[in-house]
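Everything below concerns the one structure shown next.
These numbers come from the heavy atoms of this one structure, side chains and all, not from hydrogens, waters or symmetry mates. Naming: A, B, ... by sequence-line order, numbering from 1 per chain.
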Protein chains: 2
Amino acid sequence: MNKRQIQKKKTRELILRIAKEMFIKNGFLNTTTSQIAQKAGIAHGTIFLHFKNKESLIIEIFDLELEEISSTIQELVFKAFDLEQLLKQYLELIQEEEDLFVVLARELPFYSEELRRKILFRESIIRSHFHKAIEIGIRKNRYRDVDVATAVTFLFGAINHYLRLKPIFVKEGSVIEKFKPSIIKTFKHLILKY
Amino acid sequence: MNKRQIQKKKTRELILRIAKEMFIKNGFLNTTTSQIAQKAGIAHGTIFLHFKNKESLIIEIFDLELEEISSTIQELVFKAFDLEQLLKQYLELIQEEEDLFVVLARELPFYSEELRRKILFRESIIRSHFHKAIEIGIRKNRYRDVDVATAVTFLFGAINHYLRLKPIFVKEGSVIEKFKPSIIKTFKHLILKY
DNA sequence: AAACTCGGTGACTGAGTGCTCATCAAAAAG
DNA sequence: CTTTTTGATGAGCACTCAGTCACCGAGTTT
């Protein structure tokens with residue numbers, strides 16, 4: 001790898017890093033390519049030297065992210081095949097660093113078919129892990145015999161509902177931190193036998 | 001009221017009606033003022049004769065809508081002070097005609113402070129009704145002693161989750177209709193004693 | 001019937017967008 | 001050292017948007 005190739009790779013990675021940062025902070029639609037270029041300290045046109053267009057830029061970022069989160073969750077499920085632990089660790093995971101997926105999911109209806117399909121695919125992966133964990137609890141006779149798919153929707157919906165509102169409440173200084181433990185506690189309470 | 005004033009009022013109402021229709025269909029951000037004017041058969045500039053800007057247009061629509069839904073829900077709670085019935089009727093209500101609020105909530109993070117506050121206010125009204133209904137169930141010893149606020153979030157989250165995905169699934173022809181009864185059934189199952 | 005009023009018009013503005021391409025300069029090749 | 005290659009540049013393109021304003025003509029008043 002010569003000097004030119006190294007520089008090129010570096011610029012490419014810089015764009016990816018800055019773009020991801022800004023997409024997370026402001027969403028996809030609210031981030032302009034000019035802003036990305038400006039913050040990265042490169043020319044506007046450089047972005048389109050490395051990526052066909054704005055969409056293929058986020059798709060690459062999303063795919064990298066998907067790979068990472070998939071292996072993380074997979075690991076998580078293997079380590080803790082128990083709903084409560086899984087739930088707790090998942091909440092910590094998405095709490096720790098603002099997740100690109102969560103931000104993208106907010107703008108879901110406005111994206112291209114391709115990106116939407118990818119986002120829903122990621123969602124289905126996470127859902128399937130919760131599904132499995134609940135199913136096992138039922139089989140072990142620890143959980144009530146509920147409709148698993150709907151229970152997962154409740155769970156997922158509550159988490160997303162919280163994440164959707166989080167940036168607003170955080171900005172307004174309201175305390176919503178107790179939400180995390182209470183989600184775990186309540187769902188446990190709801191699903192455990194007596 | 002002379003001819004001119006009648007015409008003016010008529011035009012104003014036409015704009016409100018068409019705009020609401022289009023905001024529901026395509027969202028606020030994806031509807032242009034030109035589109036509204038074109039569909040209403042008026043000049044683009046006429047809109048700004050009646051409303052200061054695009055935002056004050058939707059705010060007026062939203063306020064009218066809020067008034068209507070508030071009284072409807074209030075009535076609903078008085079008629080059926082029981083969670084299952086309330087839930088069922090609420091789901092039917094938002095199912096029947098695509099709700100402006102639901103559409104707006106999808107774009108929530110991208111709006112002005114004022115509009116966001118209004119949307120969250122409407123949300124809090126609905127939540128409080130569910131809250132009340134669950135609390136009563138617990139007091140009557142029919143429901144399990146859960147954390148009510150979180151239970152409402154589960155419920156609300158599940159409904160919103162469904163509504164958020166609905167337009168996508170409907171477009172793709174997938175069947176999601178069984179979701180509505182299963183949400184009621186599962187929540188009832190989760191919250192009822194034994 | 002003339003003068004005035006005022007709601008409606010739509011070409012226009014200017015700020016923004018994603019994206020392009022002639023040009024440049026530094027690195028690589030000869 | 002000279003020529004060629006190539007990544008980066010940024011002014012500028014075509015386009016979209018919300019919002020403006022000089023003008024028109026029907027309605028109202030005198």
Side-chain angles (χ1 to χ4, degrees), chain A residues 1-23 25-62 104 107 109-115, chain B residues 1-23 25-62 104 107 109-115:
Chain A
M1 236 203 234
N2 62 28
K3 234 175 178 179
R4 272 226 197 91
Q5 289 169 314
I6 289 171
Q7 183 56 42
K8 190 173 182 181
K9 198 183 159 199
K10 223 169 155 182
T11 306
R12 190 189 167 84
E13 279 163 4
L14 177 70
I15 295 169
L16 286 169
R17 206 186 68 233
I18 300 289
K20 180 179 157 187
E21 212 172 90
M22 295 188 74
F23 288 149
K25 197 168 166 198
N26 305 318
F28 178 64
L29 300 172
N30 278 359
T31 304
T32 69
T33 48
S34 312
Q35 280 170 11
I36 295 169
Q38 200 184 356
K39 184 142 191 193
I42 56 168
H44 187 190
T46 305
I47 290 170
F48 299 94
L49 225 83
H50 290 272
F51 304 93
K52 206 179 102 246
N53 51 35
K54 195 187 175 191
E55 185 174 328
S56 68
L57 169 60
I58 196 163
I59 284 189
E60 178 152 343
I61 294 173
F62 188 80
L104 289 183
E107 300 175 47
F110 313 120
Y111 294 133
S112 68
E113 278 303 309
E114 187 182 350
L115 192 50
Chain B
M1 235 201 237
N2 63 26
K3 232 178 181 180
R4 271 225 197 94
Q5 291 168 313
I6 289 172
Q7 183 55 43
K8 189 174 180 182
K9 199 185 159 197
K10 224 170 155 182
T11 306
R12 191 190 166 81
E13 279 164 4
L14 178 68
I15 295 169
L16 284 170
R17 206 186 67 236
I18 300 289
K20 179 181 159 186
E21 213 171 87
M22 295 187 75
F23 288 150
K25 199 170 166 200
N26 304 317
F28 178 64
L29 299 172
N30 279 0
T31 304
T32 69
T33 47
S34 312
Q35 281 170 9
I36 296 169
Q38 198 183 359
K39 186 143 192 193
I42 58 169
H44 183 189
T46 305
I47 290 171
F48 298 94
L49 226 84
H50 290 273
F51 304 93
K52 205 180 100 244
N53 50 34
K54 197 186 174 191
E55 185 175 328
S56 68
L57 170 58
I58 196 161
I59 284 188
E60 178 150 346
I61 295 173
F62 188 81
L104 289 183
E107 301 175 46
F110 314 121
Y111 295 133
S112 68
E113 278 302 308
E114 185 181 353
L115 192 51

**Asked** Which is it for A:Ile15 and A:Thr11 under the side chain to side chain contact (heavy atoms under 4.5 Å, CB included) test, yes or no, and what are the steps along the way?
**Response** CA-CA 6 Å; A:Ile15 295 169; A:Thr11 306; 4.2 Å; yes
Report the C-alpha separation of A:Thr33 and A:His44 in whole Å, then their side-chain angles, then the decisive distance to 0.1 Å, and conclude whether the side-chain hydrogen bond (donor to acceptor under 3.5 Å, both in side chains) test is met. CA-CA 7 Å; A:Thr33 48; A:His44 187 190; 2.8 Å; yes
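Between the C1' atom of C:dG8 and the CZ atom of B:Arg12 lies a distance of 16 Å, rounded to the nearest Å. B:Asn30 places its CG atom 10 Å from the P atom of D:dA18, with the value rounded to the nearest Å. One interatomic measurement links the two molecules: CD1 of B:Ile36 to C1' of D:dG19, which rounds to 13 Å at whole-angstrom precision. The distance from atom CZ of A:Phe110 to atom C1' of C:dG18 is 19 Å, rounded to the nearest whole Å. Here the P atom of nucleotide C:dT17 and the CG atom of A:Leu57 are 16 Å apart, to the nearest Å. Between the CD atom of B:Gln38 and the C1' atom of D:dT16 there is a distance of 14 Å, rounded to whole Å.
By the neighbour-count criterion of 12 heavy atoms within 6.0 Å, atom CD of A:Gln38 is sparsely surrounded, having that number or fewer from other residues, nucleotides or ligands.
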Given protein heavy atoms under 4.0 Å, the one-letter contact record of nucleotides 23-30 of chain D, with B base, S sugar-phosphate only and - none, is simply ---BBS--
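B:Lys39 places no side-chain N or O within 3.5 Å of a backbone atom of B:Ala19 that could act as its donor or acceptor partner. With hydrogens and angles ignored, the 3.5 Å screen pairs a side-chain donor or acceptor of B:Glu107 with a backbone N or O of B:Phe28. B:Thr46 places no side-chain N or O within donor-acceptor distance of the main-chain N or O of B:Ile42, the cut-off being under 3.5 Å.
Exactly one residue among A:Glu60, A:Gln7, A:His50 makes a side-chain hydrogen bond (donor to acceptor under 3.5 Å, both in side chains) with A:Arg12. That residue is A:Glu60.
Along DNA chain C, the nucleotide nearest to A:Leu29 and the one nearest to B:Gln7 differ in position, and the one closer to the 5' end is contacted by B:Gln7.
Cation-pi check for B:Lys20 over B:Phe62 is not met; the charged atom does not lie both under 6.0 angstrom from the ring centroid and within 45 degrees of its normal.
Rounding to the nearest 0.5 angstrom, the gap separating the NZ atom in A:Lys54 from the CD1 atom in A:Ile47 is 10.0 Å.
Look at A:Thr11 and you'll find a side-chain N or O under 4.0 angstrom from OP1 or OP2 of D:dA8.
In the region residues 44-53 of chain B, proximity to DNA chain D at under 4.0 angstrom, judged on heavy atoms, holds for B:His44, B:Gly45, B:Phe48, B:Asn53.
Side-chain proximity of A:Lys54 to the nucleotides C:dC19, D:dA18, D:dT9 is greatest for C:dC19.
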